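All of these numbers come straight from a predicted model, not from anything done at the bench.
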Amino acid sequence: IGAIGSWYLVRSNTTTYGDDAPLDPVHRGYYLEQARILGTAADGNLLYEIEAQHAEQQSGDRVDFSQVKIQYAPDSDVPWIITADQATLREGAPRIALRGHVQILNSGASSDRDTEIRTQYLELDPERFIAETEERVQIRFGARSVTATGMLASLNDDKIELKSNVRGKIAP
C-alpha cells in the first residue's frame, strides 16, 4: 500500500509539457555587431555616421549602442568626432543621448590647436550640430583647461557656451 501510494503521489506531481504550455515572450528586436548607421540631411546627402561595437533594439522605438563613435561627413566641414561608452537613439527624436566617458575632439591643423571636451552625459542633435549637457564638463584646448557645469556647443560654428561654475587654468 505504501509503494502504491508513493507512486501515485510522484505521478500526480509530475508536470507535463505539451502544446498548451504558455510560451515566454521573447524580445523580437534586432542586434548588430560592428554597426554602422548613416544619417542623412534633408537633401538626402550623407551628414554623419555612427559606428558602434554593438547595437540592439530595446523596444519598438529605441536602439542602444555600445562603444560609439560619431563623425560628420568630410564635406560637411564639421571636424568634430564624438565618442562614448554608450548611446541611445529613439525613433522620431532628434537627439542622441550619450553616456559614459563622452569625448568630443576637434583636431585643428596642428596639435597645439586640438580642442577636447569631456563629460559623463551629453545630448547630441546631429542635424542641427548641437551638443548639450547639464553635467560637469572639462574643456581642454592646447595647454589650457576649463571646467564648468553645463554646456551648449554649436559644432558647425565652433562655439561653446558654458552655463555655470566656470573655472579655468589659462596660461600664455
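- For the pair T149 (side chain) and E135 (backbone), a donor-acceptor distance under 3.5 Å is absent.
- Side-chain atoms of N156 and S154 form a donor-acceptor pair, as typed in the model, at a separation below 3.5 Å.
- With contacts defined as side-chain heavy-atom distances shorter than 4.5 Å, the pair L155/L124 qualifies.
- Between A87 and V68, the shortest heavy-atom distance links the atoms CB-CG2, 3.7 Å.
- Atom-to-atom distance recorded for Y48:OH and T40:OG1 is 7.5 Å, nearest 0.5 angstrom.
- Between the side chain of W80 and the backbone N or O of L105 there is no donor-acceptor pair closer than 3.5 Å.
- Note on L162: it clusters hydrophobically with V102, by side-chain heavy-atom contacts below 4.5 Å among ILVMFWY residues.
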Kindly determine whether R167 and V146 satisfy side-chain contact (heavy atoms from CB on, under 4.5 Å), including the steps that lead there.
CA-CA 6 Å; R167 296 182 182 187; V146 174; over 6 Å; no
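- Evaluation of the side-chain hydrogen bond (donor to acceptor under 3.5 Å, both in side chains) rule for E33 yields H54 as partners, not counting sequence neighbours.
- Put simply, the side chain of K163 reaches to within 4.5 Å of the side chain of E134, judged on heavy atoms.
- Side-chain atoms of Y72 come within 3.5 Å of backbone atoms of P126 as a donor-acceptor pair (strictly under, hydrogens ignored).
- We find the CD-CZ distance between Q86 and R99 to be 5.0 Å, quoted to the nearest 0.5 Å.
- Under a hydrophobic clustering in which Ile, Leu, Val, Met, Phe, Trp and Tyr are joined whenever their side-chain heavy atoms come within less than 4.5 Å, directly or via other members, I70 and Y121 fall into different clusters.
- When all heavy atoms of V63 and A55 are compared, the closest pair comes out as CG1-CB, 4.3 Å.
- You'll find the side chain of I160 reaches within 4.5 Å of the side chain of I139, heavy atoms only.
- Contact check for R36 versus Q34: no side-chain heavy atoms found under the 4.5 Å cut-off.
- Residue T83 holds its OG1 atom at 11.0 Å from CD of Q71, rounded to the nearest 0.5 Å.
- Separation of atoms OG1 (T88) and CZ (R95) is listed at 14.5 Å; rounding is to 0.5 Å.
- At distances below 3.5 Å, at least one donor-acceptor pair connects side-chain atoms of D43 with backbone N or O atoms of N45.
- The two residues A52 and S66 make their nearest non-hydrogen contact at CB-O, 3.6 Å.
- Side chain of T119 to backbone of R136: a donor-acceptor contact under 3.5 angstrom is found.
- Inter-residue side-chain proximity for D158 and T115 is flagged as unmet; no heavy-atom pair is nearer than 4.5 Å.
- For the atom pair CD1 (I96) and CG (L89), the distance works out to 5.5 Å, reported to the nearest 0.5 Å.
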Apply the test side-chain contact (heavy atoms from CB on, under 4.5 Å) to residues I130 and L152: give CA-CA distance (whole Å), side-chain angles for both, the deciding distance (0.1 Å), then the verdict.
CA-CA 7 Å; I130 300 292; L152 177 65; 3.5 Å; yes
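- In this structure the side chain of T147 never reaches within 4.5 angstrom of the side chain of V137, judged on heavy atoms.
- K69 has its side chain within reach of I81: a pair of non-hydrogen atoms, C-beta onward, lies under 4.5 Å apart.
- Under a 4.0 Å N-O distance rule, the pair E161/K159 does not qualify as a salt bridge.
- Counting heavy atoms from C-beta on, the side chains of E127 and L47 come closer than 4.5 Å.
- To the nearest 0.5 Å, atoms CD (Q57) and CG (D64) are separated by 10.5 Å.
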